[in-house]
> 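Sharing a structure here in structure tokens format.
Chain identifiers are assigned alphabetically (A, B, ...) following the order of the sequence lines, protein sequences preceding nucleic acid strands; residue numbering begins at 1 within each chain.
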Protein chains: 2
Amino acid sequence: MLAVDGASSLTEQVIESVREAIHSGELRPGELYSVYQLAAQLNVSRTPVREAMLRLAEAGMVRFERSRGFRVLRRDPREIAEVFHLRLLLEVPAARIAAGRAEPALIEAMRGELDAMRAAAADHDEPRFMRHDCAFHELLLAAGANRKLVSMVGNLRDATMTLGASTVDRSRTLADIAAEHEPILAAVEAADADATARAMRSHIAHMGELLLAQVAAENGVAAAPEDVDLIHSA
Amino acid sequence: MLAVDGASSLTEQVIESVREAIHSGELRPGELYSVYQLAAQLNVSRTPVREAMLRLAEAGMVRFERSRGFRVLRRDPREIAEVFHLRLLLEVPAARIAAGRAEPALIEAMRGELDAMRAAAADHDEPRFMRHDCAFHELLLAAGANRKLVSMVGNLRDATMTLGASTVDRSRTLADIAAEHEPILAAVEAADADATARAMRSHIAHMGELLLAQVAAENGVAAAPEDVDLIHSA
DNA sequence: ATCTGGCATGTAGCATGCTGCATGTCAACG
DNA sequence: CGTTGACATGCAGCATGCTACATGCCAGAT
């Protein structure tokens with residue numbers, strides 16, 4: 001768990017380490033940790049750890065408790081629903097706009113990512129799959145020409161990726177998810193804005209439902225109807 | 001410019017001070033500053049200043065330049081357009097949802113804020129006006145039941161408030177802006193979702209155009225058509 | 001006069017000492 | 001035995017020392 005990323009600043013390396021640690025279950029939700037302790041574990045000083053945790057706190061992954069330490073927040077189905085509600089509100093219109101402007105080079109790049117997703121799904125390589133999934137969406141969003149929107153959606157995606165961690169084998173699901181991107185790409189290629197928006201909406205809503213169900217299942221219950229409704233109210 | 005806010009942490013006080021300093025023109029866009037210098041001016045140590053600037057950098061108000069200091073970013077009309085595009089994408093649907101759930105207490109509270117806005121406009125008190133404007137929107141958003149959305153819109157609003165600073169007398173405009181809130185409130189009171197969405201859309205788009213025109217005028221040109229289009233493409 | 005190389009300067013970033021505070025613990029008292 | 005209050009513990013937050021580095025300047029060479 002040593003911070004040996006090739007990244008630039010120690011703070012960013014710590015952020016990445018903590019993300020992975022949460023993802024892998026090394027840092028458990030609900031538990032209290034301290035900057036001291038984490039700094040010792042990562043073999044860096046307290047300052048970059050503190051700055052990293054402050055940024056994660058701002059992102060809502062962690063909460064500082066006065067004179068006690070910080071707590072990794074428990075996965076909240078409600079939050080998943082909120083994130084996907086937001087992604088629908090942002091990504092669907094962005095995709096609609098982008099559909100009218102897709103250059104051949106963009107189509108080609110997106111197809112490349114889709115192929116890479118399929119390959120990663122076949123290899124059961126979830127991290128690689130997620131990278132290409134992410135790249136696919138970002139390529140389309142970038143064509144929508146609102147840089148702030150792109151970065152905000154990126155943050156939302158990061159949140160879901162660490163939130164939605166799971167060790168269950170999802171190879172079948174991965175292939176399904178990859179398949180959902182085909183209609184999106186086809187609609188973009190056809191420069192059909194409405195179809196692009198529909199495909200994107202259905203894809204994101206589906207992803208949201210999957211994650212919602214998964215987190216609910218971990219809590220031993222079914223997904224709350226109001227959370228499902230929130231996603232679909234977008 | 002001493003950091004004597006009633007706020008909690010020094011870092012937050014510094015953030016507020018710097019926001020005000022940018023707003024008041026004390027810190028000029030394009031200029032280079034250093035954490036050392038600012039810490040001395042504010043009479044605090046470098047650490048909270050550094051943390052404050054990092055957070056402002058994340059918000060896009062400032063950019064660190066390796067071994068040189070940080071630069072206050074110039075007001076970019078494009079960014080204004082992007083922010084209002086986002087606000088339309090988020091606030092209009094949120095208002096639509098909230099319209100169906102407005103309790104009498106909410107209506108009353110919103111009316112209170114609207115009255116306060118009118119009073120502040122009459123007093124030419126822009127900061128007070130902005131506070132109540134902000135409160136009005138937040139009341140409605142909170143009824144929309146997506147907490148993440150509320151906080152994201154809050155961040156966007158903060159960005160525009162410091163971006164859109166101006167010393168021009170806008171008392172007439174302030175009264176106009178207050179008046180734009182009346183149809184929103186009326187539509188919410190009537191539980192008319194479509195009318196609420198229309199009123200909110202028109203209000204936010206109008207605000208965006210005003211700020212866009214203002215910043216463009218400062219640069220001595222008219223607002224770029226593509227920026228105006230971006231706002232209306234939401 | 002122009003080019004070049006070393007040095008002074010100022011910076012972000014990291015490490016670490018210091019302080020006030022919240023909480024848990026345990027002993028003394030009723 | 002129950003209650004209360006002082007103390008120990010551990011924390012975040014702030015201050016400050018330290019280091020590597022990018023840049024600008026100036027002297028000296030061509």
> So which one's nearest nucleotide on DNA chain D is more toward 5', B:Tyr36 or A:Gly69?
A:Gly69

> Identify whether the distance between the nearest side-chain nitrogen and carboxylate oxygen of B:Arg101 and B:Glu103 falls below 4.0 Å.
no

> Using a 4.0 Å cut-off on heavy atoms, which residues in residues 46-56 of chain A reach DNA chain D? List them by number, or say none.
A:Arg46, A:Arg50

> From CZ of A:Arg68 over to P of D:dA12, roughly how many Å is that when rounded to an integer?
11 Å

> Without decimals, in angstroms, what is the distance between A:Gln37 CD and D:dC11 P?
7 Å

> Quickly, which of B:Glu82, B:His85, B:Glu79 forms a side-chain hydrogen bond (donor to acceptor under 3.5 Å, both in side chains) with A:Lys148? Name it, please.
B:Glu79

> Quick check for you: among C:dC14, C:dA12, D:dC14, whose closest atom lies nearest to any side-chain atom of A:Ser9?
C:dC14

> Under a 4.0 Å N-O cut-off, is there an ion pair linking A:Glu58 with A:Arg55?
no

> Please report, rounded to the nearest Å, how far the P atom of C:dA22 is from the CG atom of A:Leu32.
16 Å

> Is any side-chain N or O of B:Ser45 closer than 4.0 Å to OP1 or OP2 of D:dC14?
no

> Is there a donor-acceptor pair closer than 3.5 Å between any side-chain N or O of A:Gln37 and the backbone N or O of A:Ser34?
yes

> Begin from the C-alpha positions of A:His137 and A:His132 and carry the test side chain to side chain donor-acceptor pair (under 3.5 Å) through to its verdict.
CA-CA 9 Å; A:His137 283 261; A:His132 291 296; over 6 Å; no

> Output yes when B:Arg131 and B:Asp125 qualify as a salt bridge under the 4.0 Å nitrogen-oxygen rule, no when they do not.
no

> Could you give the CG-to-P distance, from B:Leu42 to D:dC14, as a whole number of Å?
13 Å

> In terms of side-chain heavy atoms of B:Leu10, which of D:dC14, C:dT23, C:dC14 is nearest?
D:dC14

> What is the distance, to the nearest angstrom, from the CG atom on B:Leu38 to the P atom on C:dT11?
12 Å

> Rounded to whole Å, how long is the line connecting atom OH of A:Tyr33 with atom C1' of D:dA12?
18 Å

> Looking at every heavy atom in both B:Ile107 and B:Ala102, which two are closest together, and how far apart are they?
CD1-CB, 4.0 Å

> In whole angstroms, how far is the P atom of C:dC14 from the CG atom of A:Asn43?
14 Å

> Return the value, rounded to whole Å, for the distance between atom CZ of A:Phe64 and atom C1' of D:dG13.
10 Å

